[in-house]
Engineer: 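Sharing a structure with you now.
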Protein chains: 2
Amino acid sequence: MSSKLNLTVQRETIYDIVKNSINHPTAADIMDALRERGHQFAYGTVYNSLKYLTDAGLIRELKLGDSASRYDGQLSDHNHIICRVCGRVDEVFATPPDPWAGTVERETGYKIQNHQTVFTGICPSCQAEGR
Amino acid sequence: MSSKLNLTVQRETIYDIVKNSINHPTAADIMDALRERGHQFAYGTVYNSLKYLTDAGLIRELKLGDSASRYDGQLSDHNHIICRVCGRVDEVFATPPDPWAGTVERETGYKIQNHQTVFTGICPSCQAEGR
DNA sequence: TTTCTTGCAAAACATTTGCAAATCG
DNA sequence: CGATTTGCAAATGTTTTGCAAGAAA
């Protein structure tokens with residue numbers, strides 16, 4: 001059943017970039033990082049690999065509301081916070097108090113599979129610079 | 001200070017469509033609705049008007065992770081839930097228990113201005129059809 | 001007139017797709 | 001060999017932009 005992983009050079013390199021990235025890179029960021037490492041894969045291949053890695057459960061795709069998808073090598077259940085000033089994206093590990101999802105199921109009649117929260121605010125460094 | 005509202009025919013018609021829409025229309029949906037009402041505005045004008053209405057605080061723009069932005073005439077604080085099967089988007093009025101945002105501020109050091117949660121699941125009708 | 005708004009077309013951007021060539025098993 | 005993956009380029013979908021023409025103040 002569990003078809004085995006086929007990590008080509010492209011996929012492995014991209015996985016490594018996402019995994020070791022602190023800043024939730026977009027596909028374009030990954031292209032840059034590849035170039036820095038002396039690789040040059042086609043855009044199509046990058047998207048293809050990201051999809052493969054996402055489907056394989058090795059990384060997660062984040063759609064945070066800015067135009068481009070970001071990718072996250074951190075698999076544990078968590079949410080994200082975006083700085084409105086500098087655009088930085090950080091992880092949020094505090095989970096919402098439990099009864100919420102149940103309440104929402106009762107309110108909406110949906111069977112909930114998943115939920116993701118995006119916080120927006122001002123990050124510590126931008127606060128320090130007086131904004 | 002509060003510059004006064006300039007509602008042209010285009011803006012007013014689009015506002016009316018968003019306000020009276022139950023299904024969080026995208027720009028393309030709005031184009032369709034306009035056509036049904038016998039209007040035909042340029043795409044640029046539709047986006048321009050949506051931006052104006054959003055900035056004026058009359059509607060809200062939703063970026064829920066699917067490709068196109070949706071627009072919502074419901075201004076009260078609420079979240080959204082998307083059916084994974086049929087793509088329908090519904091409102092969620094149950095709010096997360098209060099201490100969460102504070103906890104996140106303490107965890108991240110951010111000053112939080114806003115947060116939006118997107119639930120995914122299966123809507124009542126799709127459940128009924130046995131999925 | 002001066003300012004704002006529209007319409008249209010082109011550009012920009014992120015992503016997907018089709019297909020031939022290369023690679024893997 | 002057959003199956004999968006890559007590279008490239010073209011196509012797609014969404015949104016923005018530039019600019020001339022039109023409407024409003």
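Lettering follows sequence order; numbering is per chain, from 1.
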Engineer: Between dT17(C) atom P and L50(A) atom CG, what is the distance in whole Å?
Structural biologist: 15 Å

Engineer: Could you work out, with side chain to side chain donor-acceptor pair (under 3.5 Å) as the rule, every residue matching T54(A), not counting sequence neighbours?
Structural biologist: none

Engineer: Using 30° and 60° as the class boundaries, would you call the ring planes of F93(B) and H78(B) parallel, tilted or perpendicular?
Structural biologist: tilted

Engineer: Please name all residues satisfying side chain to side chain contact (heavy atoms under 4.5 Å, CB included) with S67(B), sequence neighbours left out, ordered by chain then number.
Structural biologist: none

Engineer: Output the rounded distance in Å from OH (Y15(A)) to C1' (dT5(D)).
Structural biologist: 20 Å

Engineer: Expressed in angstrom and rounded to an integer, what is the separation of L62(B) atom CG from dT14(D) atom P?
Structural biologist: 16 Å

Engineer: In this structure, how many angstroms lie between the C1' atom of dT14(D) and the NZ atom of K51(B), rounded?
Structural biologist: 16 Å

Engineer: Side chains of T26(A) and D29(A): is there a donor and an acceptor less than 3.5 Å apart?
Structural biologist: yes

Engineer: Measure CG/L34(A) against P/dG7(D) and give the value in whole Å, please.
Structural biologist: 10 Å

Engineer: Take V92(A) and T108(B), measure what side chain to side chain contact (heavy atoms under 4.5 Å, CB included) needs, and give me the verdict at the end.
Structural biologist: CA-CA 7 Å; V92(A) 170; T108(B) 60; 4.1 Å; yes

Engineer: With hydrophobic residues grouped by side-chain heavy-atom distances under 4.5 Å, do V104(A) and V118(B) end up in a single group?
Structural biologist: no

Engineer: How would you summarise protein contacts on nucleotides 1-15 of chain C per nucleotide, using B for base, S for sugar-phosphate only and - for none, with heavy-atom distances below 4.0 Å?
Structural biologist: ---SSBB------SB

